[in-house]
> 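Have a look at this one.
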Amino acid sequence: MVRADFDRNLKTLQDDLISLGSMVEKAVTKSLIGLKNRDLQLSRQVVEEDDYIDQQRYQLEEQCIDLIATQQPIAIDLRTLMAVLHIATELERMGDYAEGIAKISIMMGDEPPLKPLIDIPRMAEKATTMLQHSLDALVNRDEAAALEVRNADDEVDDLYEQIYRELLTYMIDDPSTIQRATYLLWVAHDLERIADRATNIAERVIFLVTGRLTGVNVSQY
Amino acid sequence: MRMAAGTEDRERGADLAEAAPIIRANGLSVYYGTKQVLSDVTLDFPSNKVTAIIGPSGCGKSTLLRCFNRMNDLIPNFNMTGQILFDGVDLYGPGVDSTEIRYQVGMVFQRPNPFPKSIFDNVAFGPKINGYEGKLDELVEQSLRRAALWEEVKDRLKSSALALSGGQQQRLCIARALAVHPRVILMDEPCSALDPFATLAIEELMRELSEDYSIIIVTHNMQQAARASDYTAFLMGNEERIGELIEFGETRQITTNPEDERTEAYITGRFG
Ligand SMILES: Nc1ncnc2c1ncn2[C@@H]1O[C@H](COP(=O)(O)OP(=O)(O)OP(=O)(O)O)[C@@H](O)[C@H]1O
Ligand SMILES: [Mg+2]
């Protein structure tokens, strides 16, 4: 078997990408726990750890560039490297949204949330599940699983819509809630974006497997 | 065998379907004595395009190429079945003059092989034999220009072609082929003896020439096929080491997303 080194490098690259993915997934989960439990310590930790996620992303990018420059990859190898590059970027941005949620939590300070958090954690759970499934689809080169992730995005969009209306009603009924409602709206928006980016990852997986660049995820928001 | 020009890929190969092919191999099998080296190759080479033939050593690329200008006729035990149409005409049909064919279908080889004559005489050689009646000077200049060599040699047309660099010699051989106004230029690994710079010059030249000529190139360098060709044919020996066409399609498709896993294994260097 020729190109054993290259194959090893590609494998390492994918492993690193998956571990970046689980870092991001943890960041999202922690940002929600911080928010829900009003654990500012945890929220600050999420903000700090985002630097590490950024670093990892750049490291992945550099590895990709090295391999492109030295191996002149084509066909499946080229698609793999392009997919890794894109997915690393998506993950880093998802990390930024988690950081955004953590910062909102910090901004809220001692204030209790406007209402008990029910739909927002549900949204977060769906979004992180989408992330997990998109990465599983990557590891298994599973087009069908990737397509499912795309469909799951609609549910997240629906939840977002619902939360949006609810918070709007609060604000209209009692303008003194505007500040606190806006915090939650931002959080919901960040989660909606995270789900969108999980969809982007799924689309990269479809590209990797089929060579087909499907339409970029068109979100309503 | 899978052809990218099958029904579902018609769109991608739209060019192919529209323009009549300049050369068509139809169920071509080739034997040297009792040994079969190509099996049932069916393939259209589009006009005014660069088509690359790639594949592992010994799979019959050069053999296939030589069928297209009847160079194999010179090999005593050569034998073929099937058909090759050149612009719709059976290349091996009765009344076809193989010498005439070699003017219409020029060939450039792996190692530049200029004659031990002056630069001018190398280019003028074919036309003279052909009894060219126009102005030889003009024809030589025009051919050298087309081969992107004129500026470098215009002041020393009378000096020996053997004093040129490898890359220049190869371009001279291209000029020599062009001087007899061919329709097709066959190139068998034309850059394997050249440095990267001269290689790029030849690749660029192929691109330019494809506006007026159809070019078929055998190359071992996948990156070269990717850079310089519009279409790519992948040949490979079967279990009996007889060459077969595995896949044919637009180079873009072959290099990003080949259909056959054997193509993928070969071009990504994971063959065998
Ligand atoms: N004149 C000949 N007589 C007998 N066998 C031949 C002759 N020329 C070529 N062959 C055989 O035919 C097969 C195909 O040879 P060919 O030169 O066409 O392969 P190729 O794909 O061009 O290989 P390479 O990439 O090494 O140039 C090989 O097995 C070769 O040994
Ligand atoms: Mg050969």
Side-chain angles (χ1 to χ4, degrees), chain A residues 1-15 17 63-87 89 137-147 200-216, chain B residues 2-6 8-13 50 52-59 191 196 199-200 203 219-236 246-272:
Chain A
M1 186 66 144
V2 266
R3 303 206 90 172
D5 273 353
F6 183 38
D7 282 337
R8 248 194 312 280
N9 287 332
L10 285 176
K11 175 80 173 67
T12 310
L13 198 63
Q14 177 173 306
D15 291 348
L17 185 73
Q63 283 169 260
C64 284
I65 291 170
D66 277 357
L67 289 178
I68 290 170
T70 56
Q71 303 289 332
Q72 285 104 41
I74 54 176
I76 184 64
D77 300 333
L78 179 61
R79 300 208 303 280
T80 302
L81 288 170
M82 294 318 287
V84 169
L85 264 181
H86 277 280
I87 293 174
T89 313
L138 172 72
V139 173
N140 301 322
R141 304 287 193 266
D142 186 343
E143 186 190 359
L147 282 165
N200 292 348
I201 293 176
E203 284 179 345
R204 290 297 147 183
V205 173
I206 295 171
F207 164 72
L208 175 61
V209 178
T210 67
R212 225 172 38 240
L213 276 176
T214 48
V216 232
Chain B
R2 296 159 88 171
M3 298 256 295
E8 57 177 302
D9 288 294
R10 269 284 136 81
E11 268 171 59
R12 269 196 238 145
V50 180
I53 300 174
I54 60 169
S57 188
C59 71
C191 301
T199 297
L200 287 175
E203 289 173 7
T219 176
H220 271 131
N221 179 339
M222 192 53 225
Q223 259 68 40
Q224 174 163 75
R227 284 190 300 262
S229 73
D230 303 296
Y231 293 90
T232 297
F234 172 57
L235 301 184
M236 198 178 112
I246 305 297
E247 187 168 350
F248 175 72
E250 276 191 78
T251 300
R252 217 189 113 261
Q253 177 249 318
I254 300 273
T255 50
T256 57
N257 195 18
E259 287 190 10
D260 194 293
E261 50 192 39
R262 289 168 292 181
T263 314
E264 183 132 283
Y266 178 73
I267 66 175
T268 59
R270 294 190 180 78
F271 185 73

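Chain letters run A, B, ... following the sequence lines, proteins first and then strands; every chain starts at 1. Computed from a predicted model, the values in this text were never measured in an experiment. These numbers come from the heavy atoms of this one structure, side chains and all, not from hydrogens, waters or symmetry mates.
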> Please list, chain by chain and in numerical order, all residues satisfying side chain to side chain donor-acceptor pair (under 3.5 Å) with Glu143(A), sequence neighbours excluded.
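Once residues adjacent in sequence are excluded, the partners of Glu143(A) under the side chain to side chain donor-acceptor pair (under 3.5 Å) criterion are Arg212(A).
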> Measuring from Asn257(B):CG to Phe207(A):CZ, what's the distance to the nearest 0.5 Å?
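So the gap between those two atoms works out to 8.0 Å.
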> Looking at Gln223(B) and Gln72(A), would you say the former's side chain and the latter's main chain have a donor-acceptor pair under 3.5 Å?
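Yes, Gln223(B) side chain to Gln72(A) backbone: donor-acceptor pair under 3.5 Å.
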> Partners of Ala75(A) by side chain to side chain contact (heavy atoms under 4.5 Å, CB included), sequence neighbours excluded?
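Residues passing side chain to side chain contact (heavy atoms under 4.5 Å, CB included) with Ala75(A): Pro258(B), Glu264(B), Ile267(B), Thr268(B).
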> Tyr266(B): which residues meet the ring-ring contact (aromatic ring centres under 6.0 Å, His included) condition with it, sequence neighbours left out?
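Checked Tyr266(B) against ring-ring contact (aromatic ring centres under 6.0 Å, His included); matches are Phe234(B), Phe271(B).
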> As an exercise, state the distance from CZ of Arg270(B) to CD1 of Ile76(A), rounded to the nearest 0.5 Å.
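If we round to the nearest 0.5 Å, Arg270(B):CZ and Ile76(A):CD1 are 9.0 Å apart.
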> Which residues, numbered in order, of residues 78-86 of chain A come under 4.5 angstrom of chain B by heavy-atom distance?
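Only Arg79(A) of residues 78-86 of chain A have a heavy atom under 4.5 Å from chain B.
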